[in-house]
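Down below is the structure, laid out as structure tokens.
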Amino acid sequence: TGYYGDGLNAIIVFAACFLPDSSRTDYNYVMENLFLYVISTLELMVAEDYMIVYLNGATPRRRMPGLGWMKKCYQMIDRRLRKNLKSFIIVHPSWFIRTILAVTRPFISSKFSSKIQYVSTLSELREMIPMEYVHIPDSIVKYDEEKCIKRRMR
């Protein structure tokens with residue numbers, strides 16, 4: 001979590017690589033409680049505008065949240081939180097994430113869809129938001145460096 005702007009608006013960082021593995025026997029229970037924790041945290045932190053940075057890099061497919069879970073999250077977030085969300089930035093979007101969002105676009109509001117932004121590298125993210133208050137996990141930094149090296153080699 002970090003802050004930006006004069007009003008110290010919240011930047012919520014969500015690293016998918018730390019989500020539980022879907023092979024856990026208690027996976028649904030854990031994800032349900034994680035969702036409740038995220039919502040209660042948002043409600044406590046967010047009084048003004050805010051943004052979410054979703055770090056998708058370094059996340060194996062089995063740790064990515066399913067479509068049903070994401071839909072439920074969107075539906076259960078109250079109107080105030082949805083309205084105050086200024087941008088939803090997806091860093092290192094995979095083909096899977098892009099496909100899910102393309103398929104669900106007709107079912108989510110156009111206002112919400114317009115808030116989604118894809119960012120391929122951490123340097124692109126730095127151009128969009130102040131990074132001094134944002135913690136990026138080491139595994140994501142390493143993933144980004146490896147991805148940039150591969151891109152330069154092509």
[X] and [Y]: which non-hydrogen atoms are nearest, and at how many Å?
X    : Y    : value
P65  : L19  : CD-CD1, 3.4 Å
S120 : R151 : CB-NH2, 4.1 Å
Y27  : D21  : CD1-O, 3.3 Å
C17  : A58  : CB-O, 3.4 Å

After noting the C-alpha distance and the side-chain angles of V53 and V134, does the key distance pass the side-chain contact (heavy atoms from CB on, under 4.5 Å) rule? CA-CA 10 Å; V53 176; V134 177; 5.8 Å; no
Start with the C-alpha gap between I89 and I52, add the side-chain angles, then the distance that decides, and say whether side-chain contact (heavy atoms from CB on, under 4.5 Å) holds. CA-CA 6 Å; I89 302 169; I52 294 176; over 6 Å; no
Atom [atom1] in [X], atom [atom2] in [Y]: separation rounded to 0.5 Å?
X    : Y    : atom1 : atom2 : answer
K83  : D78  : NZ    : CG    : 10.5 Å
L55  : H135 : CG    : NE2   : 9.5 Å
I140 : D144 : CD1   : CG    : 9.0 Å
Y143 : I136 : OH    : CD1   : 14.0 Å
L125 : H92  : CG    : NE2   : 9.0 Å
M64  : S22  : CE    : OG    : 11.0 Å

Heavy-atom neighbours of D26 CG exceed 12 at 6.0 Å: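 Yes.
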Y29 atom OH, over 12 foreign heavy atoms within 6.0 Å: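 Result for OH/Y29: open.
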Please determine if E146 and K150 form a salt bridge, counting it only when a charged side-chain N lies under 4.0 Å from a carboxylate O.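 No.
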Listed once per pair and sorted, the side chain to side chain donor-acceptor pair (under 3.5 Å) pairs that draw on residues 31-42, sequence neighbours left out: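 Listed by first then second residue: E32-K72.
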Is any side-chain heavy atom of N84 less than 4.5 Å from a side-chain heavy atom of K86?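 No - every pair of side-chain heavy atoms lies 4.5 Å or more apart.
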Hey, does S23 have a side-chain heavy atom less than 4.5 Å from the side chain of R62?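 Answer no - side chains too far apart.
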Following the transitive rule for hydrophobic clusters with a side-chain heavy-atom cut-off under 4.5 Å over Ile, Leu, Val, Met, Phe, Trp and Tyr, establish whether [X] and [Y] coincide in one cluster.
X    : Y   : answer
F14  : L36 : yes
F88  : L81 : yes
V141 : I11 : yes

Check the pair R24 / V30 against side-chain contact (heavy atoms from CB on, under 4.5 Å), numbers first and verdict last. CA-CA 9 Å; R24 288 178 62 130; V30 171; 3.6 Å; yes
Using only atom types and a distance under 3.5 Å, with no angle test, would you say the side chain of T59 pairs donor to acceptor with the backbone of G57?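 Yes, T59 side chain to G57 backbone: donor-acceptor pair under 3.5 Å.
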Cut-off 3.5 Å, no hydrogens considered: what does the side-chain donor-acceptor table look like for residues 110-119, sequence neighbours left out?
from: S113; atom 1: OG; to: S109; atom 2: O; distance (Å): 3.3
from: S114; atom 1: OG; to: K111; atom 2: O; distance (Å): 2.7
from: K115; atom 1: NZ; to: R82; atom 2: O; distance (Å): 2.9
from: K115; atom 1: NZ; to: L85; atom 2: O; distance (Å): 2.8

